[in-house]
Amino acid sequence: MKKTNILLAFTAVLGLFSLFSSCDFELPSSVSVKTDATYNFSIGDIEHDFNDSFDKDTLFADLETDYNKIYDYFPGKKEEKLQQFLLTLDIPAIHLPIPDTVVPEAGKSLADYLIPSMSVENTVDIDMNMKAIFEAFKVLGDDFAQKVDFYKIPMYVYCNIASGFSSVGMTGRIKIKNKGGGAEKYLIGTADAPRPFVITAAPSLKKEDKTVITDISEQASTVSDETNMTSFMNENKNTESGFTLTYELSFDTEKTKFDGKAINDISLSIYLVLPFKFLVNSSDGSDLVIDLKSLADGNSGTLEDDIFKREKATDTKDFDKYLDAIESIVLGYKTKNNPFVSDSCSLTIESDWPDIKKELEFNGDEVKLTCEELKRMLNKYPYNPSLNLNMSDGSSVAIPRDISIKMNVNIALETNGKIEF
């Protein structure tokens with residue numbers, strides 16, 4: 001008798017399972033059996049490692065020269081959820097145009113030597129291929145490359161004279177221009193109003209495994225700005241030709257006084273921080289949409305043609321008799337690694353036929369399905385809904401230091417009731 005009860009229970013479970021199988025099971029009639037089980041159906045495992053695509057040497061292969069250096073940047077080793085790079089531009093030594101007849105005496109100013117004015121100006125090249133950088137983002141989908149702007153690009157300027165002066169009165173302007181054409185843009189100061197420049201040496205950069213960990217935002221600088229460079233880079237993100245940068249330094253001859261020591265040349269350095277944090281900025285106000293299935297194509301993820309792993313559509317004519325046994329139907333996903341950090345993002349699982357759309361929280365979530373929704377899914381073969389991440393226009397999205405994705409999407413069906421045969 002005991003064996004008979006176990007067999008009946010097992011047969012009932014097989015009857016429920018047959019809803020999700022291409023196999024047909026013969027079931028006994030006029031039998032009431034309690035079933036308690038969980039069935040999990042994986043929509044897919046999505047895995048992809050993007051770290052090689054966003055490696056420093058891949059993104060900035062042609063940028064480094066004797067004066068330009070690019071580093072992986074992890075300031076203070078504090079922010080794992082934001083990939084950053086640091087570009088340092090060291091301007092060749094700037095010689096001050098002081099006449100050879102001047103023999104500097106401590107305490108005397110330039111004006112004391114009848115030097116009414118003194119200024120220097122020069123132009124240097126920055127061979128940064130912005131288009132190549134944004135092309136790299138296409139591994140995250142064409143939508144990503146087309147709809148994001150840099151959130152901010154902090155710029156730090158360091159101007160120093162090692163010796164020769166006890167005080168320096170100096171103002172400056174820095175402007176930039178696309179080599180391919182277009183108007184100049186002032187990064188520091190304006191045509192009518194230069195910025196005061198405070199003599200400050202560039203900070204030494206501490207490195208670990210070729211990664212700069214010094215937080216330069218906590219160090220003093222001659223002058224800094226994060227607005228003008230950001231807007232210029234976003235306006236020129238499709239350029240391949242690089243940029244020219246022009247600096248102008250002017251001295252107040254009364255405030256600039258000698259200390260009696262040998263006069264050194266001026267050192268001028270510009271540090272640009274490139275955080276991979278972006279603003280979604282679509283031309284038509286639409287969401288940034290990332291097709292998660294395309295990220296898994298050709299990689300280690302697994303995606304089923306039919307999420308229930310069937311070979312044909314399910315016959316649901318007897319579906320209603322299983323309803324009392326179904327306790328819950330849950331659509332959910334779990335994530336170990338996200339390649340994005342966003343302040344407004346959701347996962348959408350959607351199909352046009354049957355017309356089903358479910359929205360889940362970005363970092364892992366679950367929502368309940370109705371029995372009618374499940375029935376419509378089973379009637380469709382193959383059933384393979386789209387999986388998209390949606391980020392709203394105007395929201396921010398950042399790329400973390402570990403740029404990889406690991407997630408699973410599944411349907412879990414729990415039974416806890418009686419099935420009447």
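Keep in mind that this is a model prediction, so the values were computed, not measured. Throughout, residue positions are numbered sequentially from 1 according to the sequence presented.
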Checking N388 side chain against N390 main chain: does a donor-acceptor pair fall under 3.5 Å?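 Here the side-chain-to-backbone pair does not exist.
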
Atom pairs and distances, side-chain donor-acceptor, residues 81-90, under 3.5 Å, sequence neighbours left out:
from	atom 1	to	atom 2	distance (Å)
Q83	NE2	D72	OD1	2.8
D90	OD1	S269	OG	2.7

Using 4.0 Å as the upper bound for N to carboxylate O, is an ion pair formed by E372 and K375?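 Salt bridge absent between K375 and E372.
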
The test is side-chain contact (heavy atoms from CB on, under 4.5 Å); show your working for L369 and L413 and say whether it passes. CA-CA 10 Å; L369 296 174; L413 184 148; over 6 Å; no

With a 6.0 Å cut-off (strictly less than), is the heavy-atom count around [atom1] of [X], excluding the residue itself, greater than 12?
| X | atom1 | result |
| --- | --- | --- |
| K152 | NZ | no |
| E361 | CD | no |
| E373 | CD | yes |
| E184 | CD | yes |
| K406 | NZ | no |

Between Y151 and K277, is there a cation-pi geometry (under 6.0 Å to ring centre, at most 45° from the normal)?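 Pair K277/Y151 counts as cation-pi.
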
Between Y71 and K56, is there a cation-pi geometry (under 6.0 Å to ring centre, at most 45° from the normal)?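 No.
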
Applying side-chain contact (heavy atoms from CB on, under 4.5 Å) between L292 and each of I349, V409, I405, report the one that passes.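 Going through the options one by one, the only one that passes is I405.
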
Step by step, would you call I199 with M170 a side-chain contact (heavy atoms from CB on, under 4.5 Å)? CA-CA 8 Å; I199 294 296; M170 180 170 52; 3.5 Å; yes

Ring centres of F137 and F276 under 6.0 Å apart?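 Ring-ring flag for F137/F276: true, centres closer than 6.0 Å.
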
Verify whether the ring centers belonging to F134 and F150 lie closer than 6.0 Å.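 Yes, they do, as the ring centres are separated by less than 6.0 Å.
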
Within this structure, what is the [atom1]-[atom2] distance for the pair [X] and [Y], rounded to the nearest 0.5 Å?
| X | Y | atom1 | atom2 | answer |
| --- | --- | --- | --- | --- |
| I98 | L110 | CD1 | CG | 5.5 Å |
| T335 | L347 | OG1 | CG | 10.0 Å |
| S241 | M130 | OG | CE | 11.5 Å |

Hey, mind stepping through D125 and K179 against side-chain contact (heavy atoms from CB on, under 4.5 Å) and telling me if it holds? CA-CA 9 Å; D125 291 334; K179 285 183 180 179; 3.5 Å; yes

Could you walk me through whether I329 and C371 satisfy the side-chain contact (heavy atoms from CB on, under 4.5 Å) test, starting with their C-alpha distance in whole Å, then the side-chain angles of each, then the deciding distance to 0.1 Å, before giving a yes or no? CA-CA 7 Å; I329 310 166; C371 289; 4.1 Å; yes

